[in-house]
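The structure appears right after this line, and notes come after that.
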Number of protein chains: 2
Amino acid sequence: MSEDIPFPVGELPHPARADLVLAQVLFALSDPARLAIVAQLVAGPVDMARCQLQDPSIAKSTKSHLMRVLREAGVIRNDPKGRGRTLSLRRDDLDSRFPGLLDAILSSAPPNDSTDLT
Amino acid sequence: MSEDIPFPVGELPHPARADLVLAQVLFALSDPARLAIVAQLVAGPVDMARCQLQDPSIAKSTKSHLMRVLREAGVIRNDPKGRGRTLSLRRDDLDSRFPGLLDAILSSAPPNDSTDLT
DNA sequence: GAAATTGTTCGAAAATAATCGAACAATAAA
DNA sequence: TTTATTGTTCGATTATTTTCGAACAATTTC
């Protein structure tokens, strides 16, 4: 029997621009940890390994889950890169579907501090 | 024993403008039913009894809870009015704390249809 | 005052979401 | 090709949220 074929884990599914749903985007951004991740991605794509969470004691499976929620809402992309992954903000898609939303959120988001990569 | 004194149920607590938290506001708006309520309030204050939900089969206690989430996030006010209540959008406070956010959300929110009060 | 109206609170049940560790997959490095 | 690195998925557990009905409170109407 063709067994399920979950996904080759490599290319993960991303919703098309047209399928983004406002409420889902708002939900994805309604968590401080996820909001902070998005704030980090504003400057440009970031390797998952480099993407820090405020709470370093968080399990990697949980971190992966946070990224999944953002990805499934269409907020970020998560692409294979070497043996790791690259995360990037879907700014164009978000701006196109929800003009001004991301800017408004980011500009009133608590300063992400650790934006200084000493 | 002075018993708890929950609240005289009349004047409900509202967070001060300065205490509004972005993530909480986003969460409050991340539910379609709550988003639709907010869309109704854009035109001005509405009596609770007049404020319809898409799903009319919803219990009144649930409706009250939806309002509570919006109120506690600082999105709406809920004031006594006669024997009922008046709901209103805290537009000034929201615009002040999160400039552009409400506009962005409302302008990309699904058309509220039932805005026609035949 | 008694009855009707409106809406909140409480407590319990059901549905969602967050979190973790273990197992697995994919690539890179040795 | 073996080992190390990185990150996803699975299954279970816990925490949070939603939903409901019943009880209560406030106000108006009779």
Side-chain angles (χ1 to χ4, degrees), chain A residues 3-14 21 23-37 45-73 76-88, chain B residues 3-14 21 23-37 45-73 76-88:
Chain A
E3 270 308 333
D4 222 341
I5 311 177
F7 257 101
V9 171
E11 283 302 341
L12 295 171
H14 292 82
V21 176
Q24 286 176 8
V25 170
L26 295 179
F27 178 79
L29 297 175
S30 72
D31 174 65
R34 289 191 296 254
L35 202 45
I37 290 168
V46 175
D47 290 354
M48 177 119 185
R50 298 275 182 91
C51 186
Q52 311 278 14
L53 302 182
Q54 308 84 331
D55 180 354
S57 70
I58 216 83
K60 66 177 178 176
S61 56
T62 300
K63 184 178 177 185
S64 191
H65 177 67
L66 292 172
M67 299 307 177
R68 178 202 266 258
V69 173
L70 288 168
R71 174 175 54 81
E72 290 181 340
I76 68 173
R77 289 197 51 88
N78 180 344
D79 299 299
K81 160 93 174 294
R83 73 179 136 188
R85 309 215 134 237
T86 298
L87 307 170
S88 52
Chain B
E3 270 310 332
D4 222 343
I5 311 175
F7 257 100
V9 172
E11 284 301 342
L12 295 171
H14 293 82
V21 175
Q24 287 176 8
V25 170
L26 295 179
F27 177 79
L29 298 176
S30 72
D31 174 65
R34 289 191 296 255
L35 202 45
I37 291 168
V46 174
D47 289 354
M48 177 120 186
R50 298 276 182 91
C51 186
Q52 312 277 14
L53 301 183
Q54 309 83 329
D55 180 355
S57 70
I58 216 83
K60 66 177 177 176
S61 56
T62 299
K63 183 178 178 184
S64 192
H65 176 68
L66 291 173
M67 299 306 178
R68 178 202 266 258
V69 173
L70 287 169
R71 173 176 53 80
E72 290 181 341
I76 68 173
R77 289 199 52 88
N78 181 343
D79 299 299
K81 160 96 175 292
R83 72 180 135 187
R85 309 215 133 238
T86 298
L87 307 171
S88 53

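In the text below, chain A, chain B and the rest are named by the order of the sequence lines, each starting its count at 1.
With sequence neighbours left out, A:D31 forms a side-chain hydrogen bond (donor to acceptor under 3.5 Å, both in side chains) with no residue at all. For B:Q52, there are no side-chain hydrogen bond (donor to acceptor under 3.5 Å, both in side chains) partners at least two apart in sequence or on another chain. Listed by chain and residue number, B:D47 satisfy the salt bridge (charged side-chain N to carboxylate O under 4.0 Å, His left out) test with B:K81 (two or more places apart in sequence, or in another chain). By the salt bridge (charged side-chain N to carboxylate O under 4.0 Å, His left out) test, A:R83 is found to be paired with no residue, residues two or more places apart in sequence or in another chain being considered. The side-chain contact (heavy atoms from CB on, under 4.5 Å) check on A:A49 picks up nothing, with sequence neighbours excluded. When the side-chain contact (heavy atoms from CB on, under 4.5 Å) test is applied to B:T62, the partners found at least two apart in sequence or on another chain are B:I58, B:A59. Legend: residues meeting side-chain hydrogen bond (donor to acceptor under 3.5 Å, both in side chains) with A:R34, ordered by chain and number and at least two apart, are absent. Annotation: side-chain hydrogen bond (donor to acceptor under 3.5 Å, both in side chains) contacts of A:R71 (sequence neighbours excluded): none.
At a threshold of 4.0 angstrom between heavy atoms, the contacts of A:R50 with the nucleic acid are absent.
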Give me the distances for all protein-to-nucleotides 28-30 of chain C N/O pairs that come in under 3.5 Å?
none

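We find that CZ of B:R68 is positioned 16 Å from P of D:dT16, with the value rounded to whole Å.
Each of A:R34 and B:M48 was assigned the nucleotide of DNA chain C with the nearest heavy atom; the assignment lying further toward the 5' end belongs to B:M48.
The shortest distance between the side-chain N/O atoms of B:N78 and the OP1/OP2 oxygens of C:dT8 is below 4.0 Å.
Residues B:C51 and B:I37 share a closest heavy-atom pair of SG-CG2, 4.2 Å.
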**Request:** At under 4.0 Å between heavy atoms, which parts of nucleotides 11-16 of chain C does protein reach? Answer with one letter per nucleotide, 5' to 3': B base, S sugar-phosphate only, - none.
**Result:** ------
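Annotation: proximity of residues 59-67 of chain A to DNA chain C (heavy atom, distance under 4.0 Å) is found for A:A59, A:S61, A:T62, A:H65, numbered in ascending order.
Counting only heavy atoms from C-beta on, A:V69 has its side chain closest to C:dA18 among C:dA18, C:dC20, D:dT9. Across C:dT9, C:dC20, C:dG7, the shortest atom-to-atom separation from the side chain of B:R85 is found for C:dG7.
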**Request:** Report the C-alpha distance between A:N78 and A:H14 in whole Å, list the side-chain angles of each, state the deciding distance to 0.1 Å, and finish with yes or no for side chain to side chain contact (heavy atoms under 4.5 Å, CB included).
**Result:** CA-CA 8 Å; A:N78 180 344; A:H14 292 82; 4.2 Å; yes
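Applying the salt bridge (charged side-chain N to carboxylate O under 4.0 Å, His left out) definition to pairs two or more places apart or across chains, none involves residues 53-64 of chain B.
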